[in-house]
Trainee: 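Quick one: the structure is below, and I'll ask about it shortly.
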Number of protein chains: 2
Amino acid sequence: MPRSARASHKRELTHAIAVLRARQLRITEPRRLILGALIADHGPFSMEEIHRLVKKSGCDLVTVYRSMPVLEEAGLVRRCDFGKGVVRYEFNHGDHHHHHIICRKCQKVETVDLCVADALERLVKQRGYTEVTHQMELFGICPDCQRNR
Amino acid sequence: MPRSARASHKRELTHAIAVLRARQLRITEPRRLILGALIADHGPFSMEEIHRLVKKSGCDLVTVYRSMPVLEEAGLVRRCDFGKGVVRYEFNHGDHHHHHIICRKCQKVETVDLCVADALERLVKQRGYTEVTHQMELFGICPDCQRNR
DNA sequence: TTTCGTGCAAAACCTTTGCAAAGTG
DNA sequence: CACTTTGCAAAGGTTTTGCACGAAA
């Protein structure tokens with residue numbers, strides 16, 4: 001890892017830990033390990049993959065399952081639902097909103113920095129992908145639920 | 001059900017059955033039931049919900065699980081992945097591409113007829129939804145996979 | 001010291017598979 | 001009659017839960 005990357009890695013981790021502290025969440029070894037792994041590589045990673053990255057240090061799969069929602073709640077990681085039950089997590093570098101290109105064959109994930117459907121599809125095709133499709137869902141609180149609060 | 005709706009329901013079902021026949025798939029009672037249920041109500045429905053609609057006629061949950069991929073392959077239904085492992089199916093009325101608004105509280109699903117992120121979000125807010133977010137992923141065959149075919 | 005978080009094991013859950021019987025063409 | 005499709009039961013894989021111990025504040 002180049003020196004600058006290592007420095008920024010450390011800065012991100014320090015900041016993430018400060019966020020945990022501010023939320024009165026405990027700074028534990030598993031949480032440090034998981035955050036470190038996600039900062040080191042963009043991923044996004046599945047539960048299994050995260051576990052593979054931290055189990056050598058003794059962090060259990062169950063702990064990964066329990067930690068990710070906590071870290072997401074704290075705004076430190078972002079959850080990506082890729083359909084077919086595939087869930088992955090990536091470190092949340094600020095509010096930078098982006099999408100992913102997932103190869104339907106090898107499942108490789110790449111990042112895309114735009115956010116409008118057509119422009120996105122065009123960009124993805126320019127990257128050499130074929131048979132491009134997209135899937136998108138919107139979420140919100142419906143009027144009924146706002147009333148019955 | 002109004003007379004016109006019933007007539008169009010029958011037309012859709014007849015067409016769907018013709019598609020099955022054209023594909024040399026057998027016209028069975030469970031398949032008729034499932035298609036009928038999806039044509040009668042846009043849904044989209046989960047496996048459980050579809051099963052609830054057809055089990056009184058003796059159609060098993062396993063049969064629903066086995067039928068949906070077949071019907072999807074035939075282009076008769078569309079699969080919607082709503083994240084968190086939630087999968088739903090809706091009847092495929094032609095090639096009409098659309099998205100959904102899912103209430104994060106009650107899970108109610110509504111249909112949206114546009115297909116660009118920003119326009120969509122605006123429209124959803126106009127419908128009275130608050131805290132609107134969207135989730136979108138792209139899929140394609142990556143250059144590597146095209147080569148290693 | 002008090003509370004929170006973890007590991008391990010077991011339970012729960014949803015989806016898939018095996019197989020004999022029934023249904024379709 | 002040949003081949004699909006189905007129902008039931010059982011297996012499989014992933015995610016969640018219970019609980020006692022250990023760690024953080």
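Any value given below was found using the heavy atoms of this structure, including those in side chains, with hydrogens, waters and symmetry copies removed. Naming convention: chains lettered A, B, ... in sequence-line order (proteins, then strands); numbering from 1 in each chain.
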Trainee: For residues Ile34(B) and Met68(B), determine if any side-chain heavy atom of one lies less than 4.5 Å from a side-chain heavy atom of the other.
Mentor: yes
Trainee: Using a strict heavy-atom distance below 4.0 Å, which residues from residues 45-56 of chain A are in contact with DNA chain D?
Mentor: none
Trainee: How close or far is atom C1' of dT16(C) from atom CE of Met68(B), stated in whole angstroms?
Mentor: 16 Å
Trainee: Any side-chain heavy atom of Leu20(A) sitting closer than 4.5 Å to one from Arg32(A)?
Mentor: no
Trainee: Starting from P on dG23(C), measure out to CG on Leu20(B) and report it in whole angstrom.
Mentor: 19 Å
Trainee: If you define the side chain from C-beta out and look only at heavy atoms, does anything of Glu12(B) sit under 4.5 Å from His9(B)?
Mentor: no
Trainee: What string of B, S and - do you get for nucleotides 2-8 of chain D 5' to 3' if you count protein non-hydrogen atoms under 4.0 Å?
Mentor: -BBSSBB
Trainee: Please give, in whole Å, the distance from dC4(C) P to Arg23(A) CZ?
Mentor: 16 Å
Trainee: May I ask you to test the Val109(A)-Pro44(A) pair for a side-chain heavy-atom distance under 4.5 Å?
Mentor: yes
Trainee: Is the shortest side-chain heavy-atom distance between Val77(A) and Arg79(A) below 4.5 Å?
Mentor: no
Trainee: Mind calculating the distance between CZ (Arg32(A)) and P (dT6(C)) to the nearest angstrom?
Mentor: 11 Å
Trainee: Is the backbone of Glu73(B) close enough, under 3.5 Å, to the side chain of Arg23(B) for a donor and an acceptor to pair up by distance?
Mentor: yes
Trainee: Please name the residue in the list Leu76(A), Ile50(A), Asn92(A), Leu71(A) that meets the side chain to side chain contact (heavy atoms under 4.5 Å, CB included) test with Leu38(A).
Mentor: Ile50(A)
Trainee: Which pairs of donor and acceptor atoms, one on a side chain in residues 55-64 of chain B, lie under 3.5 Å apart (sequence neighbours left out)?
Mentor:
{"unit_1": "Lys56(B)", "atom_1": "NZ", "unit_2": "Leu53(B)", "atom_2": "O", "d": "2.5"}
{"unit_1": "Asp60(B)", "atom_1": "OD2", "unit_2": "Val62(B)", "atom_2": "N", "d": "2.8"}

